[in-house]
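Comments concern the structure below.
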Amino acid sequence: MSIQKPKGTQDLLPGEIEKWQYVESKARELCQRFNYREIRTPVFEHTELFQRGVGETTDIVEKEMYTFLDKGDRSISLRPEGTAGVVRSYVENKLYGEPDVSKLYYVGPMFRYEQPQSGRYRQFHQFGIEAIGSVDPSLDAEVIALGYTFYREIGIKDVTVEINSVGNPSVRAAYREHIQQFFAPVKDQLCKDCQSRYERNPMRILDCKIDQKYCEGAPTIVEHLDEECRTHFARVQQYLTALGVPFRLNPRLVRGLDYYTHTAFEYKAAGIGAIDTIGGGGRYNGLVGQIGGQDQPGVGLALGMERILLVLQAQGADIPAEKPLDVYLIGLGEAAETRIVGLLHELRLEGLTAEKDYQSRKLKAQMKSADRYKAAYVGILGDNELEKGEIAVKALATGEQETLSLSEFARTLAARQRG
RNA sequence: GCGGUCGUGGCGAAGGGGUUAACGCACUGGUCUGUGGCUCCAGCAUUCGUGGGUUCAAGUCCCAUCGAUCGCCCCA
């Protein structure tokens, strides 16, 4: 059997790739307006970076990483998310030495070893931003607003923004105990998953679809925030309102990465089957220090490209397709075919999109081909035209045909197509 | 890691033990000695994901395996 692509990966072929290019170009353009600059970091890093950054006990690190030993016996992992690498680079390149907040964005592949399903792949792509160097809640709000604006501008409808505060480490430790106490009496009635969540990540029980009945009246983390956390969260909400970003408080929102502090948020939209999260992020004060830098607070987000495209498709959004051809050239006979090659190049140098046949097909087949390419013009050159120094030019849309002189052919069509 | 469904030409899809594997789309050629989109005609799978088994006989039944897809966990 022939070789197939690895499970959970995809080939993005012409026809599909245009959609990616559209979404990516919108992302870059938006980042420029918000003054975020691109950063490209390796797709693999030392495994330790993710263990320290993402967190030893997270699902991502525990069971989803592509980890291997390289020839120097170093443990290497394909990046499962973007933040750790960006923060590592921030530290390694001493970007904290710069006077302003570092506002960075990235677009690229991430890797997680999971069973694929709708909207989930082993190699998937994220567009993300990171703003490092400030605790200002207006920065949290800006990050959330950028994501929201992005969805709006590429044409996704009905995006919901959910926010929560997950406090700081000491708030969270205290809250964890509260919630364990709350569920302790019903612990044995909880579903199998929640029984393990009880130890590992009790906040997740609140998210469970099966055990909702036991969740009523459960303490929320928001009720347990200390003064500093509460103030920060309130300010973020004020700024979001000022920015015109509608949001919903979700006291049960918990993210799967350990590094979040204070603000956590997710974007949701329907259209990907069982999955509705299309992006998320939060603040990560403490992560930079954990990775070994002089401590700096940060906030960021990551949006799933595949999920964006799935939602766009589900909503029937029209995404720019491939561009039609300006000119298709047909040469009849050896002399004409030779001349066609030069003419084709002239057209291309003039900036037009031009093509010819490479399969020695009949005139009729070449016409069909031009039609498939949606060519605006077909140039037909035969012996009789060649003798007169002319070329027959047919406009496919109208069927009208004219004769142009070979010397001004390229310039004439270029002028028309540019206009 | 676990569970459901599915794997037949470039694509969509019939066939559910019996001699030559429907049909549609696309494609190629002809109808039209140098002009596309329409019509009509012709051509286009020594073979049904892979491996093994049952049988006189296997796309068709059984097992395994790989893959796709959807779901669980978790998330993008």
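- Classified by interplanar angle (parallel below 30°, tilted 30° to 60°, perpendicular above 60°), the ring pair Tyr267(A)/Tyr151(A) is perpendicular.
- Here U35(B) is the nucleotide among C27(B), A76(B), U35(B) with the atom lying nearest to any side-chain atom of Gln401(A).
- In summary, Lys394(A) and Glu400(A) do not engage in a salt bridge, as defined by a charged side-chain N under 4.0 Å from a carboxylate O.
- For the pair Lys356(A) NZ and U35(B) P, the computed distance is 20 Å after rounding to whole Å.
- Along RNA chain B, the nucleotide closest to Gly119(A) and the one closest to Glu385(A) are compared, and the more 5′ of them pairs with Glu385(A).
- Between the P atom of U35(B) and the CG atom of Asp357(A) lies a distance of 16 Å, rounded to the nearest Å.
- Nearest nucleotide to the Ala365(A) side chain, out of G29(B), G71(B), C75(B): G29(B).
- The P atoms of G24(B) and A14(B) are separated by 15 Å, rounded to the nearest whole Å.
- When the salt bridge (Lys or Arg N to Asp or Glu O under 4.0 Å) test is applied to Arg88(A), the partners found at least two apart in sequence or on another chain are Glu45(A), Glu92(A).
- To the nearest whole angstrom, the two P atoms, one in A26(B) and one in C72(B), are 39 Å apart.
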What N/O pairs connect the protein and nucleotides 36-40 of chain B at under 3.5 Å? Give each pair on its own line.
unit_1: G36(B); atom_1: O2'; unit_2: Asp371(A); atom_2: OD2; d: 3.4
unit_1: G36(B); atom_1: N7; unit_2: Lys394(A); atom_2: NZ; d: 3.2
unit_1: G36(B); atom_1: O6; unit_2: Leu396(A); atom_2: O; d: 3.4
unit_1: G36(B); atom_1: N1; unit_2: Leu396(A); atom_2: O; d: 2.4
unit_1: G36(B); atom_1: N2; unit_2: Asp371(A); atom_2: OD1; d: 2.8
unit_1: G36(B); atom_1: N2; unit_2: Leu396(A); atom_2: O; d: 3.1
unit_1: G36(B); atom_1: N3; unit_2: Asp371(A); atom_2: OD1; d: 3.1
unit_1: G37(B); atom_1: O4'; unit_2: Asp371(A); atom_2: OD2; d: 3.4

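- Across U47(B) and C41(B), the matching C1' atoms stand 27 Å from one another, rounded to whole Å.
- Using a 4.0 Å cut-off between charged side-chain N and carboxylate O, Glu16(A) and Lys19(A) make a salt bridge.
- Between G29(B) and C70(B), the distance separating the two P atoms is 38 Å to the nearest Å.
- Note on Leu257(A): only backbone sugar-phosphate atoms sit closer than 4.0 angstrom, heavy atoms only; bases stay farther off.
- Between the side chains of Thr277(A) and Glu266(A), at least one donor-acceptor pair of N or O atoms lies under 3.5 Å.
- As rounded to whole Å, 13 Å separates atom C1' of C72(B) from atom CD of Glu64(A).
- A search for ring-ring contact (aromatic ring centres under 6.0 Å, His included) contacts involving Phe68(A) returns nothing, not counting sequence neighbours.
- Rounded to whole Å, atom C1' of C74(B) lies 5 Å from atom CG of Asp59(A).
- Between Lys362(A) and G30(B) there is a side-chain N or O to OP1 or OP2 distance below 4.0 Å.
- As rounded to the nearest Å, G17(B) and U65(B) have P atoms that lie 26 Å from one another.
- G15(B) sits 30 Å from G71(B) when the C1' atoms are compared, rounded to a whole Å.
- Listed candidates were A76(B), C66(B), G71(B). Nearest to the side chain of Ala274(A) is G71(B).
- Residues satisfying the salt bridge (Lys or Arg N to Asp or Glu O under 4.0 Å) test with Arg416(A), not counting sequence neighbours, are Glu402(A).
- Donor-acceptor pairing under 3.5 Å, judged by distance alone, is absent between the side chain of Arg372(A) and the base of C27(B).
- Considering only residues two or more places apart in sequence or on other chains, Lys103(A) meets the salt bridge (Lys or Arg N to Asp or Glu O under 4.0 Å) condition with Glu142(A).
- Distance Arg361(A) CZ to G30(B) P: 13 Å, rounded to the nearest Å.
- Tyr260(A) pairs by the ring-ring contact (aromatic ring centres under 6.0 Å, His included) definition with nothing, not counting sequence neighbours.
- Regarding Gln115(A), its CD atom lies at a distance of 7 Å from the C1' atom of G1(B), rounded to whole Å.
- Contact annotation for Ile278(A): backbone-only contact, meaning every heavy-atom pair under 4.0 Å involves sugar-phosphate atoms and none involves a base.
- Glu390(A) pairs by the salt bridge (Lys or Arg N to Asp or Glu O under 4.0 Å) definition with nothing, not counting sequence neighbours.
- Rounded to whole Å, the separation between the C1' atoms of C6(B) and G49(B) comes to 12 Å.
- More than 90° away from 0 lies the glycosidic angle of G49(B), which makes this nucleotide anti.
- Protein atom CD1 of Ile272(A) is 15 Å distant from nucleotide atom C1' of C74(B), rounded to whole Å.
- In terms of the ring-ring contact (aromatic ring centres under 6.0 Å, His included) criterion, Phe34(A) has no residue partners (sequence neighbours excluded).
- Mapping Ser118(A) and Tyr151(A) onto RNA chain B via the closest heavy atom, the residue that lands nearer the 5' end is Ser118(A).
- Residues Tyr259(A) and Thr83(A) bring a donor and an acceptor atom of their side chains to less than 3.5 Å of each other.
- The pair Arg40(A)-Glu38(A) counts as a salt bridge, with a side-chain nitrogen and a carboxylate oxygen less than 4.0 angstrom apart.
- Look at the C1' atom in both G16(B) and C27(B): the space between them is 32 Å, to the nearest Å.
- By the ring-ring contact (aromatic ring centres under 6.0 Å, His included) test, Tyr175(A) pairs with His224(A), sequence neighbours left out.
- Geometrically, Arg122(A) engages Tyr113(A) in a cation-pi contact, judged by NZ or CZ lying under 6.0 Å from the ring centre and within 45° of the ring axis.
- For the pair Arg411(A) and Glu346(A), the salt-bridge criterion is not met [side-chain N within less than 4.0 Å of a carboxylate O].
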Seminar exercise, completed: Output field dot_bracket for RNA chain B (Watson-Crick or G-U, both distances under 3.5 Å, | for other-strand pairs) contains ((((((((.[[[..)..(....]]].((((.........)))).....[[[[[..)....]]]]])))))))....
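- Tyr267(A) comes within 4.0 angstrom of nothing in the nucleic acid, heavy atoms only.
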Write down the protein N/O and nucleotide N/O pairs, taken from nucleotides 7-12 of chain B, whose separation is under 3.5 Å; answer none if there are no such pairs.
none

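- Within residues 5-20 of chain A, the residues that have a heavy atom under 4.0 Å from RNA chain B are, in order of number, Lys7(A), Gly8(A).
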Problem set entry | salt bridge (Lys or Arg N to Asp or Glu O under 4.0 Å) between Arg172(A) and Glu177(A), worked out | CA-CA 9 Å; Arg172(A) 210 152 49 233; Glu177(A) 284 188 25; over 6 Å; no
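- Comparing C66(B), C75(B), G1(B) by their closest approach to the side chain of Arg255(A) singles out C75(B).
- Distance, Ile275(A) CD1 to U69(B) P: 13 Å, rounded to whole Å.
- Listed nucleotides U35(B), C75(B), A76(B) differ in distance to Glu114(A); the shortest reach to its side chain belongs to A76(B).
- With hydrogens and angles ignored, no donor-acceptor pair under 3.5 angstrom links the side chain of Gln117(A) to the base of U69(B).
- Shown here, G16(B) is classed syn by the O4'-C1'-N9-C4 or O4'-C1'-N1-C2 angle, which is within 90° of 0.
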